[in-house]
Each structure stands twice: as structure tokens, then as C-alpha cells.
Amino acid sequence: MEWAPLSLLEERITNLLRGRTGRTMKDGGWEKRTHYCGTLRTSDVGREVVLNGWVQTRRDHGGVIFLDLRDISGLVQVVCNPEVSPEAHAAARQVRSEYVLSCRGVVRARPEDSVNPRLPTGEVEVMAEKVTVINSSLTPPFEIEPGSGVEETLRLRYRYLDLRRPDMQEALLLRSRVTQEVRNFLISRNFLEIETPILTKSTPEGARDFVAPSRLQPGKFYALPQSPQLFKQLLMVAGFDRYFQIARCFRDEDLRADRQPEFTQIDLEMSFVEPEDVMSLMDEMFAHLFRSVLGVELPVPFPRLTWREAMERYGTDRPDRRWGMEMQDYSRLFRETEFKVFRSALEKGGRVRGFKVAGMRSPARRELDGLVDEARRLGAGGLVWMVRDGEGLKSPAAKFLSLPETEGVVRAAGLEEGEVLLLAAGGEELNAVLSGLRSYCAQRYAPRPDERFSFTWVTDFPLFEWDEEERRYKSNHHPFTAPSAGCLEYLEERPLEATSDSYDLVLNGVELGGGSIRIHDPELQRRVFGILGLSEEEAAEKFGFLLEAFRYGPPPHGGIAFGLDRLVMIMAGRESIREVIAFPKTQSGSDPLTGAPDVVYPEQLRELRLRPI
RNA sequence: GGAGCCGUGGUGUAGUCAGGUUAACACGCCGGCCUGUCAAGCCGGAGAUCGCGGGUUCAAAUCCCGUCGGUUCCGCCA
């Protein structure tokens with residue numbers, strides 16, 4: 001990251017200032033800018049300009065003093081020469097890093113041998129006539145410069161300084177552009193942006209709620225929304241046809257690099273649609289977004305996998321398909337094997353599955369041992385590696401394998417000399433092991449993929465999953481997800497076999513978001529609640545308002561929601577959503593800047609009729 | 001709830017494994033010199049009870065126990 005101009009803003013700033021005269025304006029002792037620092041070019045030579053900004057660096061040569069003045073658009077060098085303006089030079093002597101200045105001067109071409117090719121403004125400089133200190137600054141606790149080698153707590157404690165760095169400014173500019181283009185696109189497709197409550201009602205299912213006590217009704221609580229799900233469905237009942245919102249959501253769960261307690265969703269819902277309508281529109285939206293914001297053409301439509309296929313081929317419902325390394329089932333080859341590990345797994349109804357490691361050729365024993373260790377760490381009983389070695393295979397299992405088995409493996413996997421196949425035997429738990437190993441291999445061995453952004457739809461998720469702890473079925477997505485049409489007959493009999501009209505969008509192995517067609521038939525909704533173990537009374541108590549609304553002519557509808565933070569994180573090439581959120585929280589949910597969360601005054605508790613336990 | 005890693009002048013790190021002089025280096029900061037630098041340069045200076053508490057030891061940044069904070073992951077969470 002350099003002090004390049006923020007290309008995202010460049011055009012906007014240029015337009016803003018076009019047509020302005022070069023004259024400066026007085027306003028209470030400091031002069032308002034006529035130009036942004038980072039926009040000055042040789043075409044401005046000869047102009048008198050006024051700049052407002054922060055001192056990035058000061059280089060004092062005893063005679064001449066150079067100031068790099070920074071604003072949102074970038075840097076420009078201001079030259080304070082005592083022979084040109086003794087006043088400006090005298091003022092510049094007092095100046096320190098991060099002082100806020102107003103500088104008036106004339107743009108001139110730099111002497112040829114002092115052009116700075118590393119700066120967009122490097123061909124010009126401003127000869128200062130007047131330098132006004134608008135505000136001084138303490139020495140900042142860390143240096144305001146590209147890159148962020150500073151401890152994160154300190155950055156967060158002084159976030160307003162951290163946000164002065166170009167990395168952060170660029171990330172937040174990108175974020176602003178993304179939300180702007182989402183709005184542009186959706187509004188052009190007849191979506192209405194409608195806000196929904198932040199103080200709302202707690203709902204069962206899903207994540208732990210954040211809760212806000214009610215003063216007017218002591219002992220009662222609002223919950224902050226985990227998503228605007230129910231409201232957007234009510235908006236469909238209301239006939240708005242197409243809704244969207246850049247919505248803040250709250251979930252009181254443990255944090256991760258890609259999870260904050262409050263986060264932002266691009267949330268939308270449409271009436272009279274099938275999955276196809278939603279997915280193809282979203283293909284268009286992302287194509288528009290990446291084209292307009294990043295100048296990247298995405299190949300659309302995005303490829304699709306059913307959940308079943310994804311699990312079979314990648315062992316996960318959010319595959320990063322840039323790495324190849326698809327899994328195959330090799331069970332057929334080992335039906336009669338003497339190799340006990342495989343045979344006993346097969347006899348128990350398990351399978352032998354595995355994949356060829358991309359980018360690994362004739363590895364050292366140490367690397368293979370590393371793979372086995374990783375497999376164990378992921379919970380596998382073991383891992384069998386096989387390396388093509390001439391006509392045969394090098395493998396710990398080699399001596400137990402027959403010639404047809406060996407040949408079969410080589411053929412089925414298309415193993416070439418020195419290539420490595422990993423095999424594991426077992427049941428469904430293999431998915432976690434193999435997909436974990438696949439990521440491990442991707443990071444370590446696979447060649448860098450050509451594709452920067454790899455989107456995949458994953459569809460037809462199971463409707464329910466079994467919660468062992470609570471001994472009941474739970475919704476895989478949420479309780480309003482419509483079962484696939486073909487599953488309606490056996491919902492109650494074989495719930496785990498039922499799939500739903502659902503779809504997730506995966507980008508580079510990150511779950512960007514997901515949605516579904518919703519149930520619009522109150523009777524079917526009741527059946528699903530029944531399977532979830534929600535009694536008529538509970539359902540009425542929790543979602544009665546929705547069920548009631550559904551008695552007044554709900555349209556078929558469906559929608560989707562995307563994690564804006566994750567999207568921007570990937571577009572900006574960052575490793576954590578904290579890097580694309582202006583004021584994020586630490587892993588323990590605190591904000592070192594404000595000190596939140598904090599105790600409140602006893603009076604506040606008394607007013608709410610609350611007492612700590 | 002669990003596991004790993006990190007915590008040393010303002011900042012980033014070295015030193016910790018193998019305890020032992022005055023805790024080192026770079027950046028920043030302060031002062032001086034310096035009219036073309038842009039990682040300015042040169043000279044000088046200040047600045048750290050090594051996250052906190054306890055223990056072992058003649059001696060602890062270093063070893064042990066606990067604790068706090070940060071971070072990554074599992075659980076949890078769409």
C-alpha cells in the first residue's frame with residue numbers, strides 16, 4: 001500500500017472541484033481549500049491554490065522546509081522557502097506531524113532532478129505563500145503510514161488515527177462504493193429500501209439474542225434483530241413486491257476473524273419468485289458490483305452445485321473451487337482388499353475417499369508425515385498416502401495391496417509420476433477431515449490460482465438437521481424455509497431426507513450469504529413448526545403475528561442476505577472483517593476506544609427495575 | 001467452555017530455549033547544524049522497574065504457578 005491517490009475517489013473529487021475559481025475564501029482565520037492535495041498535476045502549474053490537510057512529514061533543511069500535506073485524496077509537497085515567504089517558513093518551523101494546516105501557494109513544476117515518480121503529485125509542488133496552523137497535534141502513539149504493524153488494541157484505542165492510514169481509508173471507500181452500487185442496482189430493479197426495527201422481539205431458533213430492557217414495561221425486553229427476516233416477509237405480505245435494506249444485524253455469539261457481534265447484511269426479498277429468479281438476479285448484481293467498483297468482469301451465471309454434490313466433491317458446503325483437488329470415491333476398487341483398515345471401514349458401510357494433491361510431486365517423507373499429522377488433528381483415525389513411483393505405488397499400505405488394486409488406483413486417480421493421492425476410510429465424518437486436508441494442501445502446495453474471485457452457488461440444502469444435544473430437529477436455514485416440492489409427502493416420516501428451496505453463495509470458500517424461498521402456506525408452516533417440536537401454542541406465541549399475517553393472502557416469496565463485511569473484506573483483499581469496519585470490537589466484544597461494554601449507573605438499573613445477580 | 005500463539009522505551013522488534021555486566025537495534029520524539037529533500041542527512045540527548053501478581057534462586061525479561069489483555073482456531077454462530 002502506498003500513498004497513491006485513492007483511485008476510487010479521484011473522479012469524484014475532480015468533479016466536485018471543477019468549475020471553481022482559483023480564488024480563496026476567508027472563513028474565520030483559515031482559508032478554505034480550492035483543491036485537494038492529491039489531485040494536483042502539471043496541468044495546475046501556475047495556479048494559486050489553497051490546501052487544507054494534515055502534515056504527513058516535515059523535512060527541515062535549515063533553509064527550505066518541505067511539508068508533505070495529506071488529505072483524503074493523497075499527498076502533495078509544500079515548499080516553504082524563506083526567500084519566497086519568510087512568514088510561511090517561520091510557521092512551518094513550528095509545525096509537527098499531524099498538525100492541521102491551511103496552505104496557500106502557487107503550484108509549480110518541480111525541478112527535473114527532484115521529480116518524485118513514486119507520488120502521483122510528484123511532478124509538482126506548492127510554493128507556500130502562507131501557512132496557517134489550524135490545529136496542533138500531540139505526537140501520535142503510532143506512525144500514520146501505510147501498512148499496519150501496530151498492535152491491534154492500540155489501533156482500536158486510537159481508531160481515528162488508524163483510520164487516517166491509506167489502507168483503512170481505501171477499505172472504507174471501497175465499502176462505501178459497494179453499498180452505493182448495491183443501492184443503484186437494486187433500485188434500478190424496482191426494489192424499495194425499507195427500514196425495519198432494531199428494537200424487536202426475541203425469536204427462538206438461531207443465535208443468542210442481544211437484549212435491551214424496557215423501561216416502560218419493567219421486566220420485559222426487546223431483542224435486537226439477528227436479521228430482518230420476519231419483517232421482510234411481512235413486507236411481502238404488505239405487497240411491496242421487492243424490498244432491500246443494508247441492515248445491521250446482531251448475534252451474541254463468539255467472535256472470529258469474519259464474525260462481529262454486530263454486522264451488516266445486504267438483505268432483500270422478492271414476491272412471486274422461484275430460486276432461479278433470485279439467483280440469476282444476484283448473478284447480475286455481483287457482476288455489476290465487481291465491474292463498477294473493481295473493474296473486474298465476472299463470468300456469469302455463477303456455477304451451481306447442489307449441497308449433496310458439494311459435500312461429495314469437496315466435503316464442505318462452502319468449497320473454494322479455485323484449487324481443484326476434487327474428491328473421488330475409491331470404495332469400488334477395494335471391495336476385496338486385504339488391507340484391513342479399508343476393509344473394515346467398508347464392511348461397516350463406510351467408504352474410501354480421497355483426492356490428488358495439487359502441486360505436490362515426489363514429496364519428502366517429512367511432508368507426507370505432515371499430512372498424516374494434519375489428518376489426525378482433524379479427527380481422522382489415519383490417512384493413507386500413495387505416491388506414483390514408476391509402474392507401482394509408494395505407500396505405507398503398498399504391501400497390503402494387490403496389483404489390480406494398485407493399477408486401479410493409478411488409473412482412477414489419473415496419477416502421474418510423483419503425484420500424491422490421499423485416501424481415508426470412514427463414514428460421513430470424512431467430509432470434515434478431507435475438506436480440512438484440502439485447505440491445508442491448498443495453502444501449502446497448490447499453485448496460486450489464476451482466478452481472483454471464484455463464486456459458486458450451493459443449492460438444495462437439507463431442510464432439517466438433528467440436534468444431538470437437544471434431541472430434536474432444527475432448521476438448517478431458518479424455520480420459514482420452503483421444503484422442496486418433492487419432499488412434502490414424507491416430511492414428518494423422514495425429515496432428514498427433505499431438502500429445501502435454498503441457496504448459498506460462496507466466494508473463495510467464504511460463505512457470502514444465503515437465502516431461500518419461504519413457506520407461504522400457513523398449514524405447511526404449521527407442519528414445519530411441528531417437526532421442529534414447536535407446539536401450536538409456542539408457535540403462536542413466538543410467530544403468531546406471522547402466521548396470522550399469512551391468513552391474509554401472502555404471496556409466494558423468497559429472498560437472500562449477504563454479509564457485507566465479508567464481501568468487502570474479500571474485495572479489499574483483507575484477512576479480517578475488522579479491517580473493513582470503521583469501529584469494530586475485539587474478540588471479547590469490547591471497544592478499546594469507547595470502553596464499551598461498561599457498567600451503568602445504579603439509577604439506570606433502578607429505572608429499569610434490574611438487579612445484577 | 002477448550003486449544004495454540006503473542007505481550008520488552010511512544011512504535012516495531014532482538015534478547016527467553018541454555019537465568020549472570022549498564023536490556024540491544026530500527027523508527028519516532030527533543031535539541032543543534034544544514035536551501036532540493038521526499039525512508040532527507042550529520043551530531044547530540046531523553047525515554048523501559050520487560051502486561052500484572054505470586055513463587056523458585058545468591059541472582060529472573062528469561063524457569064514455575066496464577067491472572068489480565070490481544071489474536072487464531074474448535075465448540076457456538078448463517
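Excluded from the calculations below are hydrogen atoms, water molecules and symmetry mates; all remaining heavy atoms, backbone and side chain alike, are included. Remember, predicted model here, so these are calculated numbers, not experimental data. So you know, we letter chains A, B, ... as the sequences are listed, proteins then strands, and number each from 1.
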Give [X] one of three labels, base, sugar-phosphate or nothing, depending on what nucleic acid heavy atoms sit under 4.0 Å from its own.
X        : result
A:Glu575 : nothing
A:Glu152 : sugar-phosphate
A:Arg251 : sugar-phosphate
A:Ile65  : nothing
A:Thr586 : sugar-phosphate
A:Arg93  : nothing
A:Arg58  : nothing
A:Asn81  : base
A:Ser590 : sugar-phosphate
A:Asp60  : base
A:Gly514 : nothing
A:Thr57  : nothing
A:His477 : base

Tell me every residue that passes side chain to side chain contact (heavy atoms under 4.5 Å, CB included) with A:Pro141, counting only those two or more places apart in sequence or in another chain.
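If we apply the side chain to side chain contact (heavy atoms under 4.5 Å, CB included) test to A:Pro141, skipping adjacent residues, the hits are A:Tyr158, A:Leu161.
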Report the residues that fulfil side chain to side chain contact (heavy atoms under 4.5 Å, CB included) with A:Gln443, sequence neighbours left out, ordered by chain and then residue number.
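With sequence neighbours excluded, A:Gln443 shows a side chain to side chain contact (heavy atoms under 4.5 Å, CB included) to no residue whatsoever.
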[X] side chain: which of [options] is closest?
X        : options             : answer
A:Arg96  : B:G75, B:C30, B:C38 : B:C30
A:His61  : B:C74, B:G36, B:C77 : B:G36
A:Pro141 : B:C76, B:U35, B:G10 : B:G10
A:Thr139 : B:C29, B:C76, B:G70 : B:C29
A:Thr153 : B:G75, B:G70, B:C73 : B:G70
A:Lys474 : B:C29, B:C77, B:G1  : B:C77
A:Asp254 : B:C76, B:G36, B:A78 : B:C76

Nucleotide B:A78, atom C1' - distance to CG of A:Asn476 in whole Å
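Rounded to the whole Å, the gap is 9 Å.
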Could you tell me how far apart A:Gln260 (CD) and B:U71 (P) are, to the nearest whole angstrom?
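Whole-Å distance recorded here is 9 Å.
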Whole-Å [atom1] distance, [N] and [M]:
N     : M     : atom1 : result
B:U21 : B:G4  : C1'   : 37 Å
B:U62 : B:G7  : C1'   : 15 Å
B:G44 : B:A26 : P     : 13 Å
B:C64 : B:G20 : P     : 15 Å
B:A14 : B:C58 : C1'   : 28 Å
B:G69 : B:G15 : C1'   : 23 Å
B:C43 : B:A48 : C1'   : 25 Å
B:C29 : B:C68 : P     : 37 Å

In the structure shown, which nucleotide is the Watson-Crick or G-U wobble counterpart of [N], with both distances under 3.5 Å?
N     : value
B:A23 : none
B:G28 : none
B:C17 : none
B:U49 : none

Which is it for A:Arg157 and A:Asp162 under the salt bridge (charged side-chain N to carboxylate O under 4.0 Å, His left out) test, yes or no, and what are the steps along the way?
CA-CA 9 Å; A:Arg157 168 127 184 260; A:Asp162 190 41; over 6 Å; no
Look at [X] and [N] and indicate whether a side-chain polar atom (N or O) is within less than 4.0 Å of OP1 or OP2.
X        : N     : result
A:Arg165 : B:U11 : no
A:Arg155 : B:U11 : no
A:Ser588 : B:G70 : yes

Taking side chain to side chain contact (heavy atoms under 4.5 Å, CB included) as the criterion, tell me which of A:Ser500, A:Pro483, A:Pro479 meets it with A:Ile519.
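That would be A:Pro483.
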With no angle test and no hydrogens, is the base of [N] tied to the side chain of [X] by a donor-acceptor pair under 3.5 Å?
X        : N     : result
A:Gln587 : B:G69 : no
A:Arg157 : B:G70 : no
A:Gln77  : B:U37 : yes
A:Arg108 : B:G36 : yes

5'-most by nearest nucleotide on RNA chain B - A:Asp113 or A:Lys585
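Final value for this comparison: A:Asp113.
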On RNA chain B, compare the nucleotides closest to A:Gln265 and A:Gly149; which residue's is nearer the 5' end?
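Result: A:Gly149.
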Testing the basics here: between A:Val55 and A:Arg96, what is the closest heavy-atom pair and its distance to 0.1 Å?
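The pair with the smallest heavy-atom distance is CB-O, 3.5 Å.
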Considering non-hydrogen atoms only, spot the tightest contact between A:Val84 and A:Met127 and give its length.
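Result for this residue pair: CG2-CE, 3.5 Å.
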Is there aromatic stacking of A:Phe66 on B:U37 here, judged by a ring-centre distance under 5.5 Å and a plane angle under 30°?
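A stacking contact exists, since A:Phe66 sits close and nearly parallel to the base ring of B:U37.
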For A:Trp466 together with A:Tyr473, are the ring centres under 6.0 Å from each other?
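Aromatic pair counts; centres sit under 6.0 Å.
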Does A:Phe543 have its ring centroid less than 6.0 Å away from the ring centroid of A:Phe480?
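That pair passes the under 6.0 Å test.
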So, are A:Glu579 and A:Arg155 salt-bridged, with charged N and O less than 4.0 Å apart?
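Looking at A:Arg155 together with A:Glu579, the answer is yes, because their closest N to O distance falls below 4.0 Å.
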